[in-house]
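Please read the structure below before turning to the comments.
Chain letters run A, B, ... following the sequence lines, proteins first and then strands; every chain starts at 1.
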Protein chains: 2
Amino acid sequence: MKIGELAKQSGLSTHTLRFYEKQGLIRASTRSESNYRIYSQADLSAVRFVKRSRDMGFSLEEVGVFLSIRADKPAHVCREAKDLAQQKIFEVEQKIHEMQQMLTALHKLSDACCGGNESAEFCSIIEVLDYTSVEQDEGYSVPAGKGKA
Amino acid sequence: MKIGELAKQSGLSTHTLRFYEKQGLIRASTRSESNYRIYSQADLSAVRFVKRSRDMGFSLEEVGVFLSIRADKPAHVCREAKDLAQQKIFEVEQKIHEMQQMLTALHKLSDACCGGNESAEFCSIIEVLDYTSVEQDEGYSVPAGKGKA
DNA sequence: ATAAACCTTAGACTAGACTCTAATGTCAAG
DNA sequence: CTTGACATTAGAGTCTAGTCTAAGGTTTAT
Ligand SMILES: [Zn+2]
Ligand SMILES: [Zn+2]
Ligand SMILES: [Zn+2]
Ligand SMILES: [Zn+2]
């Protein structure tokens, strides 16, 4: 099949497929007389392998490592693959944690504000973003802010 | 204070502060005779406002909106600020959800593999990444894979 | 007076993963 | 035979948020 068909079958764009080739990830097993890329079913499998890996959060570089393991399994050991997976689990957990921290802060921010069409003069969101625990030399004092504003 | 001092006080680099200025976010209220940026306490507050907003996940563009609300509160309404906050909450929740999906998939991937120093010939990680629900025309069948490999 | 430490500018570079363009060649259908 | 869809290449552009460099000017301390 040609690149357009592979794009359809894999859910990636032709641009992306050529880009992956340039990155050394996947290449067509043959070329036509007119130099068109001709892909086999095995090529399609490889592309899907790449896509699945990407969907799990692996970078293109990491996918490259998986591909080279896949290309010559006896030359590699399980540990190589598992290390990558566990490293990725760690990274994703870290990011989830960061985002959950953000989310907590954002909820506090949002909940304090009425969200109405009134002037933002006493808007709690701006106040909270503005608040500095130790504010000196400014004659500025943090508003009490009991209600939503 | 000069930019180096502001950097210390705010926890941002001088590079970043000049970059923020170029982005139209914060500028020194005055310049010295020798054209050095001279920042006031109010400038420091603004920079901290920016930093806090960034830490909550807002983009520089969004921070710019917050800053303009902050700069002229009566000209704005609470809804503007709250919309931004809620939109961000939505985005962060989306991302957390995606990452949790990834995490589930990654755990499945990782748990199936022994992680040992044996050949990756039957490595479950490669197998799982390779698996395609509907695989035809290839004489290829998905391995049973009961054990960790 | 001279070195260290600071400041200035414009602009280039980084990462990651695409995404698109231009200029040209090829192929199938009407 | 021409039109339109598809293909080729090298290389440039996009996005975000910095990060760094070069080539110089200024301030402070010794
Ligand atoms: Zn409000
Ligand atoms: Zn309000
Ligand atoms: Zn394994
Ligand atoms: Zn194993």
Side-chain angles (χ1 to χ4, degrees), chain A residues 1-39 43 47 49-67 84 87-88 91-92 94-95 98-99 102, chain B residues 1-39 43 47 49-67 84 87-88 91-92 94-95 98-99 102:
Chain A
M1 76 188 96
K2 283 180 292 182
I3 198 168
E5 180 63 18
L6 183 70
K8 250 174 239 159
Q9 299 284 319
S10 66
L12 298 170
S13 74
T14 58
H15 280 308
T16 299
L17 289 168
R18 290 198 198 95
F19 170 73
Y20 282 179
E21 180 176 302
K22 212 176 353 180
Q23 301 305 298
L25 293 180
I26 43 99
R27 41 187 292 280
S29 38
T30 47
R31 289 283 183 137
S32 75
E33 275 192 23
S34 51
N35 202 32
Y36 287 10
R37 291 167 179 83
I38 303 297
Y39 295 92
D43 292 336
V47 171
F49 179 96
V50 170
K51 190 172 189 306
R52 255 171 253 123
S53 305
R54 290 283 301 118
D55 289 347
M56 289 200 195
F58 292 102
S59 70
L60 292 185
E61 192 177 349
E62 289 157 346
V63 174
V65 177
F66 279 133
L67 278 173
L84 269 180
Q87 176 58 32
K88 187 57 58 178
E91 286 171 25
V92 172
Q94 284 278 106
K95 270 190 198 157
E98 277 171 32
M99 297 228 150
M102 278 184 191
Chain B
M1 77 188 90
K2 283 180 288 184
I3 198 167
E5 180 64 18
L6 183 70
K8 250 174 241 162
Q9 298 285 319
S10 66
L12 298 171
S13 73
T14 58
H15 281 307
T16 299
L17 290 167
R18 290 196 198 95
F19 171 72
Y20 283 178
E21 179 177 300
K22 210 174 0 180
Q23 301 305 298
L25 293 179
I26 41 98
R27 42 187 290 281
S29 36
T30 47
R31 288 282 182 138
S32 74
E33 275 192 25
S34 50
N35 202 31
Y36 287 10
R37 291 168 180 82
I38 303 296
Y39 296 92
D43 292 336
V47 170
F49 179 96
V50 169
K51 188 169 191 306
R52 254 170 253 124
S53 305
R54 289 284 301 116
D55 288 347
M56 289 201 193
F58 293 102
S59 69
L60 292 184
E61 191 177 350
E62 289 157 346
V63 173
V65 177
F66 279 133
L67 277 174
L84 269 181
Q87 175 58 34
K88 188 56 58 181
E91 286 171 25
V92 172
Q94 284 277 108
K95 270 189 200 158
E98 276 171 33
M99 298 226 151
M102 279 184 191

Of A/I3 and B/F19, the one whose closest DNA chain D nucleotide lies more 5' = A/I3
ask   = Between atom CD in B/E33 and atom C1' in C/dT8, what is the gap in whole Å?
value = 16 Å
ask   = In Å, rounded to the nearest 0.5 Å, how long is the span from CE of A/M99 to CD of B/Q94?
value = 11.5 Å
inquiry  = Please report the distance, rounded to the nearest Å, between CG in A/D55 and P in C/dA17.
reply    = 13 Å
task = Have a look at A/S59 and say if it touches a base, only the backbone sugar-phosphate, or nothing, with a 4.0 Å heavy-atom cut-off.
result = sugar-phosphate
inquiry  = If you apply the rule side chain to side chain contact (heavy atoms under 4.5 Å, CB included), what do you find for A/R54 with A/L60, and how did you get there?
reply    = CA-CA 7 Å; A/R54 290 283 301 118; A/L60 292 185; 3.3 Å; yes
message = Rounded to whole Å, how long is the line connecting atom CG of A/L60 with atom P of C/dA15?
response = 14 Å
query = So, for B/R31 and B/I38, which heavy atoms are closest and what is the spacing to 0.1 Å?
reply = C-CG1, 4.1 Å
key: Interatomic distance where CG belongs to B/N35 and P belongs to C/dC6 [whole Å]   = 19 Å
inquiry  = How many whole angstroms separate atom CZ of B/R27 from atom P of C/dT8?
reply    = 14 Å
query = What's the CE-P distance between B/M1 and C/dC6, to the nearest Å?
reply = 16 Å
key: N or O in side chain of B/R31 less than 4.0 angstrom from C/dC7 OP1/OP2   = no
query = Which atom names give the shortest non-hydrogen contact between B/S10 and B/V47, and what distance separates them?
reply = CB-CG1, 3.5 Å
message = Taking any atom closer than 4.0 angstrom to a non-hydrogen atom of chain B, what span of DNA chain D does the protein reach, first nucleotide to last?
response = D/dA17 to D/dT27
request  = Just compare C/dA17, C/dT9, C/dC7 and give me whichever is closest to any side-chain atom of B/R37.
outcome  = C/dT9
inquiry  = Check B/E91 with B/K88, please: is the shortest side-chain N to carboxylate O separation under 4.0 Å?
reply    = yes
inquiry  = Using heavy-atom distances to pick each residue's nearest nucleotide on DNA chain D, tell me which of B/E61 and B/Y36 is more 5'.
reply    = B/E61
ask   = A/S34 or A/H15: which one's nearest nucleotide on DNA chain C is closer to the 5' end?
value = A/H15
note = Nearest-nucleotide check on DNA chain C, B/R18 vs B/K22; residue mapping nearer the 5' end is B/R18
request  = Mind calculating the distance between CD1 (A/I26) and P (C/dA17) to the nearest angstrom?
outcome  = 15 Å
task = May I ask you to check whether over 12 heavy atoms, not counting those of B/R27, lie within 6.0 Å of atom CZ?
result = no
message = The side chain of A/Y20 is closest to which nucleotide in this list: C/dC27, C/dG25, C/dC18?
response = C/dC18
ask   = Has B/E61 got more than 12 heavy atoms of other residues, nucleotides or ligands less than 6.0 Å from its CD?
value = no
